[in-house]
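Beneath this line is the structure, given in structure tokens, with notes to follow.
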Amino acid sequence: MKRPARTVGWLLTFAYRVALYAFPRDFRMRFGPQMLESFEYYRSSRDMAGASIVKGTHGIGEVIMQGIGERFARLLRRMLPTRARSERRALKRPVQLRQLAGRYAADARFALRSFRRTPVFTFTALAILTIGIGASTAVFSVVNALVFRGLPFPDAGRLVRIVETYRPPNGPAERRAVSYPDYLDWKEHTTAFAGMGIRSFQNVALTAADDEPMLQGAAFISPSLFSMLGASPALGRLLVEADDTPGNLVAVVGHGLWTTRWGADSSIVGRYIIINDRTVKVVGITREDFAGAFGGLSLWMPFLAQSELIPGRSVKRMQLRGLRDFYTLARLRDGVGIDEAQRQVDVVSASLHDDGVLPTDRGAQVVSFANENLGSARGTAVVLSVAVGLVLLIACANVANLLMARQLGRVKEIALRQALGASKGDLVRQLLVESVLLGVAGGVAGSALAIGLTDIIGAATLSSVPNYITPTVDGVALAFAIGVSTITGLAFGILPALGATRIAIGESLKAAARSVSGSGGGYGTRKALVIVQIAVAIPLLVGSGLMIRSVANALAIDTGLEPHGVSVAAVNLPAARYDATARTTFARQLQGALEQQPAVQRATVASDIPLNSGYSAIMVEVDEAEHRGQDHRVYVHSVSAGYFETLGIAVLEGREFDNTDRAGGPPVVIVSEQMANRFWPNSNPVGRRVNDRTIVGVVNNATYRGLIPNQVNSPNDPDIFVPLEQSPTPQLQVAVRGTGSTTQLTGFIRAEVLRLDPTLPVFGVTTLAAIVDAQVAPSRSATQQLGAFAGIALFLAVGGLFGVMMYTVGRRKNEIGIRMALGASRGTVLRMFLGQATRLVVVGVVTGLVLAMGTVRLLESQLYAVGTTDLGTYLVAAAAFLAAGLVACVVPAIRATRVDPLVSLRTE
Amino acid sequence: MDPTSHVPLKPDAFHILLVLLDGPRHGYALLRDIARSTGGQVVLLPGALYRRLQQLLDDGLIEETDDGSPTDSRRRTLGVTPFGRAVAEAEAARLEDLLEAARLRDLVKERAEAKS
């Protein structure tokens, strides 16, 4: 693969040559060739570590930054007295600080007057800046919430979680929830932690007064977690250690729930509420600002209370090391690092291994709570920051271009001021004051825009973090906006300001400011700015193109389901009233009643619906010679008759469950194709046995645990299905396939559940299509935002190109007139302008493609089934820009052909 | 001119002078040798390198010399002027004083002997 390498090398060299234009002309003349040589050496030499393309992109970035730095340094030297200039300076009267302030004020007044004289310019520039600064501030607010503000708990950096790890024989370690005995061992045998608590999340049916029951997320926690998170009560008290005994049913109600459910009635404290059919005493209310470590939950009960309230959670069962369904939260002791904590936890694991109570493929890991919660969202935030930075850069280049065009109209004014004794420093200062004023005005408008945008951007970025991370445009974000607008003002003002000082007095005071050729008046700089805009827009286009492909790829994954027309809801059966028989009866009656409805084709009741809930894995023994005596990890689902038909999962061999598969009947099981392939690769598994159950069918693989394979979702995991009546679960999900509308279908479920048991809340009402769609929702909204930024970038860059071409045509009217008078056809003129535009666009696009190769690597972790070097996407982005760019040039080019030679020559 | 007026020297400028004191060099050889002599710790990319070279040239610490290869005018070599040498000496003396102050406070560990 020699050729692509050479092409990349050529592109990098070319891009470097373009990037050298960041330096002032004399510097470029003096050192340019040597710098290029050094760059080539740096890029290709093995002395310095790194891939050629990485070093190349890095070197290009460096030369741009240094070039801007050099220009800035020179400007500062011009404006401020320095050592070298001290003698010259001494001849003048020293400038007093007050005088200087007075000058700036005068400059500002003058600037405001001049803005009022050019409303179209002022409006356009302000609009561009508002978008640029508004979007940047909104993205910054999100970054601020995620990175700088972090978690709203005291000393949150010391909060950690201990998770269990499972290392399968052939694969990377997986994280698992923890068991209660493991937690007790860690708590007892380590010294690294100042405190440690355990928690469990459950949905409970909450009945307050004589209301309908309502499903409520609840946390069963070690009481010490409240103090670990710095909580204090608004009313009553929080939980204390003494509360944590099995029979003690007390609850702390969150401020939000208290307000919405009880209208902030303070008499609730001390009263009883009904949770899962048991009476629970309310002992206190949290403060409004207490977020809990787990957003959305606002009911807290002692950890051991779940043994009374939650089915399958007896104190005896919780002593099982295999019941891994809990989460820890701990605070590191002062001066103890996460590594030391890990070492101590490893010692505990090792002694458990020695005692034979913990399998050797199990261990534990200490992880930072902040990283756990915010880690993945930070990746998206970085991508959006880069994207918005690029948009801001384009906005700056665009406004700089506008300013330069405006200055050409002010040539006489500037020359006059120079002739009246204004120094170059005075001129630059005046022009910079104007641009900073513009920037700050844009910043004010942008901050207002940011307040609206923050919610939208936050919604996309933060879908994976707890909801107490709320980005807001706060003081820090406003300070950021002010800083950005000032810097932007300087950045886009500097080139035009320096350009203005080159205007020679004598020449411009003569009326003939009109030049015959297209050069002069900063025209080269304006072209360079257009190239920069195009080049910077390309990575955004490529990036959003890649994201679109990735989302499309994820959506194109064969789920093995037929989601159309399927509605879903969930119901939990309280353990106190529903034993196994009662659950079976309930499920059978519900399914029967639903299937009576003419609009319902098929209905099913199951422990879980694909992609919609938790899932549980069990170890099974497969009754085959080569696998006998081993445990195999499989995911198990309890499903009623009609499950596969309702969800559209194809039955490949044997049969689906029917009404004969009842409790007490012969134990049967259905296995997934994956399971069949693993254990019976060459034979039909129907009739074989798994855990003493006879296989009666094989079903198509469907996605149960996520569309995209990841840490918790390997496409190779086998699934088994057992009849619900032979293994009835208290948490039930109901699915119906029918011809009616979603509302109608879910209405049936609700009505039938309430008819069977009016105290049961129906929750989680949705459609199978929505469940599948939700899998790609986070990356889709990230794509939409990146796409929006790319759209703005494309619009601004094309607008900039249009502006420069219009301006060129205007300036070269005389030349065109002469050419046409000498016999040039309209076609020749058209070709000339389109050719010029094409050159600009091509240079910009090529530079942009090189930039894109460097920057889109940031997206790598967010892409599914598309590489960051996907040639098609690059080509489409380039083609899209070429097309848009040429369209933008057609109007100016046609305008050029309309030049009447007679008119244009007469004005000469 | 007083050499001490240029002290303290920026670290990258000092690196440049140190390498050039071994003998005149072209730009890219300078970039390479700074990287090599510092074990890859200091990599001066061309933009920063040539800005610093411009300053050192303008201040008269280094000069462009003709290395007698008229075939390629781009290949101008750079060498240290006597004044540049004096500045480097002044900087070295300053660093020495600084190191001595650190040594008095027992901040300087003897290097491990095995280090080759």
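Each chain gets a letter, A, B and so on, in the order its sequence line appears, and its residues count up from 1.
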Task: Any Phe31(A) side-chain heavy atom under 4.5 Å of Leu57(B) side chain - done: yes
Task: Close contacts, residues 44-55 of chain B versus chain A, judged by heavy atoms under 4.5 Å - done: Leu45(B), Pro46(B), Gly47(B), Ala48(B), Tyr50(B), Arg51(B), Gln54(B)
TODO: Find the distance between CG (Leu31(B)) and CD (Gln34(A)) and round it off to the nearest 0.5 Å.
DONE: 12.5 Å
- [ ] Under the side chain to side chain contact (heavy atoms under 4.5 Å, CB included) rule, collect the residues that match up with Asp22(B), sequence neighbours excluded.
- [x] Arg25(B)
Task: Residue among Ala22(A), Gly69(A), Gly59(A) with most heavy-atom pairs under 4.5 Å to chain B - done: Gly69(A)
- [ ] Assess whether atom CZ of Arg30(A) is packed by more than 12 heavy atoms of other residues, nucleotides or ligands within 6.0 Å.
- [x] yes
TODO: Take atom CZ of Phe14(B) as the centre, draw a 6.0 Å sphere, and report whether it contains more than 12 heavy atoms from other residues, nucleotides or ligands.
DONE: yes
Open item on the list: At under 4.5 Å between heavy atoms, what parts of residues 91-100 of chain B are in contact with chain A? List them by residue number.
Closed with: none
Donor-acceptor pairs are to be reported for all side-chain atoms of residues 386-393 of chain A against protein atoms at under 3.5 Å, with residues two or more places apart or in another chain.
none

